[in-house]
> 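This is the structure I have questions about; it appears just below.
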There are 2 protein chains.
Amino acid sequence: MRSKGRITIRDVATATGHAVSTVSNALSGKPHVNEETRRQVKEAAERLGYRPSAVARSLRLKLSSTIGVLVSDVSNPAIPEFIRGIDDVAVREGCTIFLCNTDELIERQISQMETLLDRQVDGMILISQHCDEPEIRKLLDGKTPFVLIQRRSARYRDDYVGSDNIQGTRDSVTYLRQLGHRRIGLITGPLSSSTAQERLEVFETTSAELGCEQDPELIFRGDYTVEAGYRGMHYFASLPQRPTAIIASNDVCALGVQDAASELRLSIPKDISLLGCDDIDLARLRQINLSTLRLPKREMGAAAAELLIRRIRSKRNITPREIIIPTQLILRESCAPLDTRSTAEVRKAAPQPSDS
Amino acid sequence: MRSKGRITIRDVATATGHAVSTVSNALSGKPHVNEETRRQVKEAAERLGYRPSAVARSLRLKLSSTIGVLVSDVSNPAIPEFIRGIDDVAVREGCTIFLCNTDELIERQISQMETLLDRQVDGMILISQHCDEPEIRKLLDGKTPFVLIQRRSARYRDDYVGSDNIQGTRDSVTYLRQLGHRRIGLITGPLSSSTAQERLEVFETTSAELGCEQDPELIFRGDYTVEAGYRGMHYFASLPQRPTAIIASNDVCALGVQDAASELRLSIPKDISLLGCDDIDLARLRQINLSTLRLPKREMGAAAAELLIRRIRSKRNITPREIIIPTQLILRESCAPLDTRSTAEVRKAAPQPSDS
DNA sequence: CGTTTTTCGGCAAACGATTTCTGTTTATTG
DNA sequence: CAATAAACAGAAATCGTTTGCCGAAAAACG
């Protein structure tokens with residue numbers, strides 16, 4: 001009798017001699033059911049090992065208690081920290097997360113999003129560059145709520161959780177300037193990203209304000225990868241006038257800079273200062289020891305998930321909300337004052353002291 | 001008319017004037033449907049933007065094209081690489097993955113597994129220590145197939161994908177021995193893990209065979225974390241006779257060793273050689289530069305996913321299969337021959353040259 | 001032309017829950 | 001005693017598919 005397939009609500013109904021509707025009501029804490037009956041039903045459900053089929057109730061309720069998380073690449077160390085935060089609140093709220101890798105490929109992201117929508121996710125969290133493309137928007141404009149992390153749309157106002165790029169970049173540049181650096185290189189993220197774009201702008205204005213050198217050569221366009229940092233460092237080293245400090249778009253990229261610097265026998269921070277962004281777990285290790293702009297990724301993930309869940313549960317009247325989370329400069333040992341260097345080295349780094 | 005809710009198969013049925021069954025058959029490539037009709041239906045489906053509801057078909061088919069992946073901790077850099085491999089084949093096979101963090105907490109793993117089962121996942125992949133506990137087994141013995149990664153059960157034979165710990169550990173010890181090391185410290189993983197257990201045993205037998213020192217002080221019990229490595233290094237440094245080389249249970253742990261070594265002003269590899277295990281992406285960076293036993297994690301993840309999917313699709317008659325994947329020693333700069341050291345240092349490291 | 005066989009499609013029953021509705025029994029209250 | 005309410009049964013609709021079965025039309029055959 002109970003040998004065939006899964007135990008359904010019907011099974012516990014017949015077992016207790018009650019009707020399925022009563023069992024349903026009893027189990028889901030509805031009123032108008034005798035406490036004694038409720039107890040009995042619960043006991044029987046427990047005893048039989050009854051677990052309601054999530055897919056059956058999804059179909060009926062049009063709610064799956066499931067959220068889709070689209071990330072560019074799980075293997076990037078910063079991403080799991082966001083996921084962690086998302087997962088923290090997902091578990092607390094009884095949601096399960098679908099994880100999808102997009103590899104930053106737009107077609108792939110589209111197909112992943114379609115799949116998620118087919119699966120009737122209650123909402124989505126996107127940690128990806130793509131959110132403005134019309135094909136993506138077509139999928140997004142439906143009734144499935146979503147939250148963007150670290151990538152704001154230029155054209156639309158959405159729920160968004162991001163870091164305070166303005167203050168953060170300002171702090172970074174100011175810090176390096178205070179150390180005496182005037183020739184600061186920047187390795188950007190992909191400029192299609194709002195965050196990377198914002199940071200670049202603030203970098204330029206703050207640099208100007210504080211009297212840093214304004215030289216287009218000092219901007220290297222990267223894409224948040226180790227390779228970008230590696231190439232960026234090589235590029236900066238090849239310049240006739242090498243920068244005395246580098247700001248990397250993120251820590252992963254800074255890792256690439258360190259790698260290349262080591263290869264070039266350039267010491268950090270003696271020959272060149274390096275400032276990262278993110279504060280990935282590894283940054284604190286002494287062999288990395290990266291001064292960086294901390295971005296509370298786990299908290300951001302959690303904030304995004306909370307925002308999403310609130311949006312899901314409320315009746316979609318609330319206006320889009322943007323949560324901007326402050327960053328914090330974490331000072332370790334990858335930046336040094338400019339004047340600790342030998343004069344010779346400074347000369348080498350900046351042969352013509354005729355500032356333009 | 002089409003304003004309300006999602007577009008269902010019924011909508012495309014009425015649009016084409018066919019019955020829903022016909023539409024279903026046409027769309028899913030069943031025979032016995034006129035090619036002209038099929039074309040019409042497909043066209044209409046396309047035009048209306050019809051997408052079959054995955055949850056409805058899950059309910060009907062009792063197949064969700066969904067797999068659950070349970071990991072101990074996404075933030076551990078090794079984990080995403082496994083996930084990557086799983087995701088690669090999942091996408092290829094049209095599956096979506098549910099990701100769950102267990103934090104190595106058994107109750108949490110249980111509840112996550114229950115949720116996955118409620119969601120009717122077609123199968124599960126476990127990258128977790130817990131797989132032998134009766135509560136877990138109760139959930140596993142059902143009809144939902146599963147594959148274990150890097151953790152074999154002592155009591156049961158399951159589908160399993162793991163690395164060749166015997167050969168790998170052998171290679172590691174042999175390599176260090178060839179460099180002249182005889183006093184080798186080992187930081188183990190949690191010994192509840194079959195992998196950690198296996199490695200410990202092979203370490204001991206190989207050490208004995210090759211004439212290394214056999215000293216229980218040389219075994220430090222860790223748990224695959226950075227902290228374990230950090231504490232392990234401090235422990236070894238505090239020994240009257242410090243080992244001249246250390247094998248870490250995994251790279252993350254080795255990172256902790258490096259961190260502590262740096263703190264203690266011990267140079268790797270000059271003062272102490274360090275051999276990791278995993279070969280996480282970061283290990284190759286010059287500032288880390290870790291010699292390590294490469295474990296093809298992405299391939300292992302892929303192998304696990306393939307095994308699982310084959311198990312799902314076949315009619316569960318096949319006997320459990322264990323896939324053991326060979327490892328490869330990747331030589332970087334964290335290990336050095338013993339005799340490159342100054343005699344003084346060797347003395348300091350091993351004051352009493354009276355080998356027991 | 002009549003009969004058999006294919007081919008095509010429609011009908012309706014699942015899948016497992018929730019929810020609504022009607023109806024019956026019992027207990028409570030004025 | 002009548003009226004009301006509470007507790008529950010039972011049936012049915014619903015969510016969106018898939019699929020077994022059956023019938024009609026068309027094609028093939030004698």
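Chain identifiers are assigned alphabetically (A, B, ...) following the order of the sequence lines, protein sequences preceding nucleic acid strands; residue numbering begins at 1 within each chain.
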> Using a 4.0 Å cut-off on heavy atoms, which residues in residues 14-30 of chain B reach DNA chain D? List them by number, or say none.
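Only S21(B), S24(B), N25(B), K30(B) qualify.
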> Looking only at heavy atoms, which two atoms of D87(B) and L99(A) are closest? And how far apart?
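Minimum heavy-atom separation between D87(B) and L99(A): OD1-O, 4.3 Å.
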> Rounded to whole angstroms, how far apart are CZ on R6(A) and P on dG16(C)?
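After rounding, the reported distance stands at 8 Å.
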> Nearest whole Å is fine: how far is dG16(D) C1' from Q120(A) CD?
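Distance, rounded to whole Å: 9 Å.
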> Counting heavy atoms from C-beta on, name the nucleotide in dG16(C), dG9(C), dA7(D) closest to the side chain of T37(B).
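Looking only at heavy atoms from C-beta outward on T37(B), the closest nucleotide is dG9(C).
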> Nearest whole angstrom, please: distance from the P of dC15(D) to the CD1 of I9(B).
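Distance, rounded to whole Å: 15 Å.
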> Can you tell me which nucleotide in dG9(C), dG16(D), dT19(C) comes closest to the side chain of T8(B)?
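Ranking dG9(C), dG16(D), dT19(C) by closest atom to the T8(B) side chain puts dG16(D) first.
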> Report the distance from atom NE2 of H32(B) to atom P of dG20(D), rounded to the nearest whole Å.
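From H32(B) NE2 to dG20(D) P: 12 Å.
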> Does a side-chain N or O of Y50(B) approach OP1 or OP2 of dG16(D) to a distance below 4.0 Å, or not?
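Checking dG16(D) against Y50(B), no side-chain N or O comes under 4.0 Å of OP1 or OP2.
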> Can you tell me if CZ on R10(A) sees more than 12 non-hydrogen neighbours from other groups inside 6.0 Å?
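No, CZ of R10(A) has 12 or fewer neighbouring heavy atoms, counting only those of other groups under 6.0 Å.
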> Using the salt bridge (charged side-chain N to carboxylate O under 4.0 Å, His left out) rule, collect all pairs that involve residues 94-105 of chain A, keeping only residues at least two apart or in two chains.
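Those involving residues 94-105 of chain A are D103(A)-R108(A), D103(A)-R84(B).
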> Looking at S194(B), S163(B), S193(B), which hits side-chain hydrogen bond (donor to acceptor under 3.5 Å, both in side chains) with Q150(B)?
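Checked S194(B), S163(B), S193(B) against Q150(B); only one passes side-chain hydrogen bond (donor to acceptor under 3.5 Å, both in side chains): S163(B).
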> If the condition is salt bridge (charged side-chain N to carboxylate O under 4.0 Å, His left out), which residues does E322(A) pass it with, not counting sequence neighbours?
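Once residues adjacent in sequence are excluded, the partners of E322(A) under the salt bridge (charged side-chain N to carboxylate O under 4.0 Å, His left out) criterion are R152(A).
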> Hey, which of these two, N34(B) or L61(A), hits DNA chain C nearer its 5' end, going by closest nucleotide?
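Nearer the 5' end of the strand: N34(B).
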> Locate the shortest heavy-atom distance separating H130(B) from Q109(B); write the atom from each residue and the value.
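Closest pair (atom of H130(B), atom of Q109(B), distance): O-NE2, 3.0 Å.
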> C95(B) and I309(B): which non-hydrogen atoms are nearest, and at how many Å?
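Looking at all heavy atoms of both residues, the closest pair is SG-CD1, 4.1 Å.
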> From NZ of K62(B) over to C1' of dT17(D), roughly how many Å is that when rounded to an integer?
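Value for this atom pair: 14 Å.
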> Starting at CZ of R119(B) and ending at C1' of dG16(C), how long is that distance when rounded to a whole Å?
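Checked: the CZ to C1' distance equals 15 Å.
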> Please report, rounded to the nearest Å, how far the C1' atom of dA27(C) is from the CD atom of E35(A).
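The distance from CD of E35(A) to C1' of dA27(C) comes to 17 Å, rounded to the nearest Å.
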> May I have the distance from R38(B) (atom CZ) to dC8(C) (atom P), rounded to whole angstrom?
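Distance check: R38(B) CZ to dC8(C) P gives 9 Å.
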> Remember a base hit wins even if backbone is also touched, and classify R51(B) as base, sugar-phosphate or nothing at under 4.0 Å, heavy atoms.
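Sugar-phosphate only.
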